[in-house]
2 protein chains.
Amino acid sequence: MKKEKLIEQLKQIVKIKGLKYTKQREIVLEVVNKSKKHLTTEEIYNHIKKKGIDQNIGIATVYRSLLFLEEVALISSITLEKGIKKYEINNETHHDHLVCIRCDKIIEFINETIENEQKNIARSYGFELMDHTMYLYGVCKDCKND
Amino acid sequence: MKKEKLIEQLKQIVKIKGLKYTKQREIVLEVVNKSKKHLTTEEIYNHIKKKGIDQNIGIATVYRSLLFLEEVALISSITLEKGIKKYEINNETHHDHLVCIRCDKIIEFINETIENEQKNIARSYGFELMDHTMYLYGVCKDCKND
DNA sequence: GTGGCTGCAAATGGTTTGCACGACC
DNA sequence: GGTCGTGCAAACCATTTGCAGCCAC
């Protein structure tokens with residue numbers, strides 16, 4: 001998404017909530033937005049320090065910012081098998097994940113057939129479906145050829 | 001599964017691997033097998049202590065036993081959204097999960113349509129599919145009525 | 001000015017590890 | 001008897017929290 005639009009949204013949200021707009025929250029949001037990969041909290045923290053975006057930022061602030069940004073739905077997180085939590089920018093459309101077990105690459109996709117079948121399953125068990133996650137684990141094209 | 005059959009399997013595995021058969025491994029396996037729910041490591045540990053199955057067992061032993069039993073595929077684990085890891089007996093047939101966000105109940109199911117579609121998706125991205133996990137989160141019948 | 005936010009460091013909590021003793025083959 | 005496994009406690013590591021100073025409003 002465009003950086004300006006995101007920052008606009010963040011400003012609105014903090015205003016509505018009566019909170020403060022801070023440089024740190026903007027930085028964290030921007031790093032997650034710019035990244036093509038899903039990132040862990042530590043990766044985000046290191047990126048900010050190493051690239052000199054903010055030498056003084058504290059890891060606690062990164063944790064707090066990520067929790068906040070997820071709460072207000074600007075970003076979202078996924079938890080992989082080993083309990084590793086990664087963040088990505090929230091692009092509204094729900095998607096599932098194809099994860100390469102060799103290089104950890106994550107590809108996102110959407111599939112109507114599966115979404116529909118999930119609704120059927122939930123209904124048949126009397127569940128009111130709220131959310132779902134699906135991860136397909138395998139070896140990607142690139143890694144197969146190595 | 002029948003207790004005797006499982007113990008038989010465990011005995012064979014440790015023998016083949018040149019390891020030792022211990023009461024603790026048997027107890028942990030048995031607790032996971034008997035449970036109708038998915039259990040966390042701590043729940044398993046507490047169950048063993050509270051029920052007086054083994055007052056002296058250490059939490060570290062429970063961790064080590066679970067890792068071992070999972071490695072030899074007698075049990076399997078799932079990692080929920082918040083990074084909570086739970087164990088269940090390994091019943092061979094792959095299944096997916098319907099999780100109630102209120103009471104944490106987990107229902108297992110198998111669905112052919114989805115399994116097939118997953119294979120198609122993986123193929124279309126050039127992935128060699130090894131495994132998958134799917135969790136549907138919602139409110140179960142019982143909790144909806146509360 | 002005042003409340004929320006930050007950075008720091010300390011606390012926390014779940015999990016792992018080192019080690020001496022005990023149990024299995 | 002030798003080795004592996006256990007229980008204990010200490011170590012570990014990611015995350016959270018308390019707090020004093022800082023900054024946005």
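Note on naming: letters A, B, ... go to the chains in the order of the sequence lines (proteins, then strands), and numbering restarts at 1 for each one.
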**OP:** Please confirm whether the backbone N or O of A:Val31 pairs with a side-chain atom of A:Ser35, one donor and one acceptor, at under 3.5 Å?
**Re:** no

**OP:** Take A:Lys49 and A:Phe68, find for each the nucleotide of DNA chain C with the closest heavy atom, and name the residue whose nucleotide sits nearer the 5' end.
**Re:** A:Phe68

Original post:
For the side chain of B:Lys49 and the backbone of B:Gln55, is there at least one donor-acceptor N/O pair under 3.5 Å apart?
Top reply: yes

Subject >> Nucleic acid contacts of residues 13-26 of chain A, taken as heavy-atom distances under 4.0 Å to DNA chain D >> reply: A:Lys20, A:Tyr21

Subject >> Check: B:Ile114 and A:Gln118 side chains under 4.5 Å, non-hydrogen atoms >> reply: yes

Subject >> Five-pair end axes of the helix from C:dG1-D:dC25 to C:dC25-D:dG1, angle between them (10°) >> reply: 30°

Subject >> Distance-only side-chain donor-acceptor flag, A:Ser77 / A:Glu70, under 3.5 Å >> reply: yes

Original post:
NA contact type, B:Ile57, heavy-atom cut-off 4.0 Å: base, sugar-phosphate, or nothing?
Top reply: sugar-phosphate

Original post:
More than 12 foreign heavy atoms under 6.0 Å from NZ of B:Lys144: is that the case here?
Top reply: yes

Original post:
Which atom names give the shortest non-hydrogen contact between B:Cys143 and B:Arg102, and what distance separates them?
Top reply: O-NH1, 3.3 Å

**OP:** For the pair B:Tyr135 and B:His97, name the ring-plane relationship: parallel under 30°, tilted 30 to 60°, perpendicular over 60°.
**Re:** parallel

Original post:
When you list every nucleotide of DNA chain C with an atom under 4.0 Å from a heavy atom of chain B, which one comes first 5' to 3', and which comes last?
Top reply: C:dG14 to C:dC25

Subject >> ILVMFWY network linking B:Phe68 to B:Ile59, side-chain heavy atoms under 4.5 angstrom >> reply: yes

Subject >> Contact check, side chains of B:Asp131 and A:Ile101, non-hydrogen atoms, under 4.5 Å >> reply: no

